[in-house]
2 protein chains.
Amino acid sequence: MSVTIKDVARMANVSVASVSRALNGHGGVTAETQKRIREVATRLRYVPHNAARSLITRRTQTIGALLPDLHGAFFSELIRGIDLAARARGLYLLVSSSHGDATEAAIALRAMQGRVDGLLVMSPHADRVFLDESLPIVLPTVLINSHVRSERHAAIDVDDYGGARAMVEHLVAQGRRRIVFIAGPEVNHDVQERARGYREGMAEAGLGEYITVLQGDFSEESGYLAGKRALEGAMRPDAIFAANDMMAIGCLSALANAGVRVPDEIAVAGFDDIPMARYVSPPLTTVRVRIAELGEAALERLVRMIDAGDDTPPEPRVVVGTELVVRASTGGHDTSTRKG
Amino acid sequence: MSVTIKDVARMANVSVASVSRALNGHGGVTAETQKRIREVATRLRYVPHNAARSLITRRTQTIGALLPDLHGAFFSELIRGIDLAARARGLYLLVSSSHGDATEAAIALRAMQGRVDGLLVMSPHADRVFLDESLPIVLPTVLINSHVRSERHAAIDVDDYGGARAMVEHLVAQGRRRIVFIAGPEVNHDVQERARGYREGMAEAGLGEYITVLQGDFSEESGYLAGKRALEGAMRPDAIFAANDMMAIGCLSALANAGVRVPDEIAVAGFDDIPMARYVSPPLTTVRVRIAELGEAALERLVRMIDAGDDTPPEPRVVVGTELVVRASTGGHDTSTRKG
DNA sequence: ACTCTTCGTGAAAACGTTTACGTTGCGCCC
DNA sequence: GGGCGCAACGTAAACGTTTTCACGAAGAGT
């Protein structure tokens, strides 16, 4: 930490300017002196002081990620995708997660000001006013799975809508008609898109009359309760499509407790393809989201914005695709578990 | 980004020095002028330039986390714990994960030099020579779950040994005698400690003659194979203790395929308490590790080192406790799943 | 009344880089 | 042979803070 560019310059009998040029490959130095300087630098274990560098460069080589209260495989996958893509570009990753409320998130965001060259934001609190309040400065920003549509920020989403539609089509192809949907928290953008995919898929299949939405909150508990309610209704469904896997799993428990056979009597499907989905009984048909890919795509988009500078051409909204994973819970062949 | 301390000073009719003092609360400035300066600062949306500040302060307010290729709930929990504790202290978190090999990890580590005030290292590559090579500078460092014992770095571990012993004792209390252990990757420090706990627990129970270790690699696949092998052996076990939950789950599949009843004929236990453990059939007895707590403790330890400066008193090695979670797979009462 | 602290404040140095701008020295062409 | 251009290199300014030091005023002690 205490060996500076001056030390290198002195040892190599050159000026600090030449050291800087040699080490950054900016040219203007002989190949010979460059080699000498490089040798001295490695010999002294010189590592440039980042603060000093970014003070004058106005670049931090760091991107910030503002994430919601994270747990589960989803976020580790997301971070993994972002981190991998960042490192490939020599960028560092500053994470800030688990904000209880909007003000806390705002503080975190504010403090990232000047620490990062760009921002990846995925937060339930990140609505339009929040962003306008907390991001007065033009800092390149990519919104992940946000419902905010703004030309000031780029955005990248999961194709929840398409995934949900594909699931409905699958269920219909299996001969199901009375398909019930278990929704998640209303504020959630994903769940709105999934619900939309369900509704439109049903409508398009001519099953508009069967559209039924039960409320849930993404927890297994709420799925269990919704499953019970579905059985008590006047019209017993022949399929239940939950907005996420945890609720689908809770639903499976409810059906098992009630002695309902899955998928013979009622098919069950989820969304996310969490690792557990393969192991419940019966294995759960679901929609897989390539989460790491989502993070990677978001970072790449951000890097493009940073490199482009202020004259960013407004790229179209990017969407990361989903993939239907058919397992036994909807009566399809179980194609994904080793033990058949 | 363009409003500096000078702008604030000019608008408040004071010198930059006073602005600095007022904003940092260093005293030496009237309450009245402090208030005035504060008002001007917020009005101008002034946010201090971090690079400039840490250039002179030699503090980055950032701690780095060097983590292995992360996936699964384990790492999201770990990051969560670290992040929460860091934010509580106004620190930022620079993460770098997924290093394929040691040199890649070394590069990541080297480049963190000067970007962070301290380092949290949890990496399979982080052996002693690696650390000595890549961390020539005295940077406060806490090793998480590392086998390296060095007075140069602090360390914090999970009590794998104690957890494994507790599991053996539980199995013995259930009347099991021929307890087989499925090990994990040999290089892994955790698995070594778990194996040690198994061996010593067995020996202490007078079951030394029954000690049997099958090789696995933490994957479900390897657990499946190990389970099959266990059945083929001359002496059929009455309990299988896997070094992690995924292998235990694979093992469950193998036993189910072979028509072996669990826990009646053979009890099965795992380690980690991944979310899935509750949902397999039968629900898996396992050892829970409070991972978020591990991250939190590591960060707190690191902060203490940073604050103490060079004259760090060598604190003892910290250990984070574990917790036995008894479910149906070992014949105990299932105390943890709602649906009994 | 005079000195001695104490307190609020300002001027300026320092942190370690990058880079715009000079200053050489050299070869080239006229 | 003298000016001219160009390449290599050095000098110094600049980035935005914090902090040391000095300075003046005001109050306390003798």
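Below, each value reflects all heavy atoms present in this structure, side chains not excepted, and no hydrogens, waters or symmetry copies. In what follows, chains are A, B, ... by sequence order, proteins preceding strands, each numbered from 1. Remember, it's a predicted structure, so these values are computed and weren't measured experimentally.
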Starting from [atom2] on [N], measure out to [atom1] on [X] and report it in whole angstrom.
X	N	atom1	atom2	value
N24(B)	dG16(D)	CG	C1'	13 Å
N50(A)	dG16(C)	CG	P	13 Å
L55(B)	dA14(D)	CG	P	17 Å
R10(A)	dG10(D)	CZ	C1'	16 Å
H26(B)	dT18(D)	NE2	C1'	8 Å
E32(B)	dT9(C)	CD	C1'	13 Å
I37(B)	dT18(D)	CD1	P	12 Å
Q34(B)	dT9(C)	CD	C1'	14 Å

Who pairs with [X] by side chain to side chain donor-acceptor pair (under 3.5 Å), at least two apart in sequence or on another chain?
X	answer
D159(A)	none
R290(A)	E323(A)
D157(B)	R317(B)
T62(A)	R115(B)

Just list the side-chain donor-acceptor pairs under 3.5 Å for residues 12-32 of chain B, sequence neighbours left out, or say none.
unit_1	atom_1	unit_2	atom_2	d
S15(B)	OG	A17(B)	N	3.4
S15(B)	OG	S18(B)	N	3.4
N24(B)	ND2	S20(B)	O	3.2

To the nearest 10°, let me know how far the axis at one end of the helix from dA1(C)-dT30(D) to dC30(C)-dG1(D) is tilted from the axis at the other, five pairs an end.
-> 60°
Could you give the distance from CG (L66(B)) to CG (L120(B)), rounded to the nearest 0.5 Å?
-> 9.5 Å
Point-to-point distance, once rounded to the nearest 0.5 Å, from OH of Y92(A) to OG of S96(B) = 6.5 Å
Tell me whether the OP1 or OP2 atom of [N] has a side-chain N or O from [X] closer than 4.0 Å.
X	N	answer
R59(A)	dT18(C)	no
R58(A)	dG16(D)	yes
S20(B)	dT18(D)	yes
R53(B)	dT18(D)	yes
H49(A)	dC15(C)	no

Testing D160(B), I156(B), L78(B) for side-chain contact (heavy atoms from CB on, under 4.5 Å) with N145(B), which one passes?
-> D160(B)
With sequence neighbours left out, write down each residue that passes salt bridge (Lys or Arg N to Asp or Glu O under 4.0 Å) with E296(B), or none if nothing qualifies.
-> none
Apply salt bridge (Lys or Arg N to Asp or Glu O under 4.0 Å) to D190(A) and list each qualifying residue two or more places apart in sequence or on a separate chain.
-> none
Checking all strands, does S18(B) fall into the base, sugar-phosphate, or nothing category for heavy-atom contacts under 4.0 angstrom?
-> sugar-phosphate
Which nucleotides of nucleotides 21-27 of chain D have their base under 4.0 Å from a protein heavy atom (B), which only their sugar-phosphate (S), and which neither (-), written as one string 5' to 3'?
-> -------
N/O contacts under 3.5 Å, protein versus nucleotides 5-8 of chain D?
unit_1	atom_1	unit_2	atom_2	d
dA8(D)	O3'	T30(A)	OG1	3.3

Pair listing, salt bridge (Lys or Arg N to Asp or Glu O under 4.0 Å) test, anchored in residues 3-17 of chain B, at least two apart | D7(B)-R10(B)
Looking only at side-chain atoms of S15(A), point me to the closest of dC15(D), dG10(D), dG16(C).
-> dG10(D)
Among the nucleotides dA12(D), dG16(D), dC15(D), which one has an atom lying closest to any side-chain atom of I56(A)?
-> dC15(D)
Those residues that, when tested against R43(A), pass side-chain contact (heavy atoms from CB on, under 4.5 Å) (two or more places apart) = M11(A), V40(A)
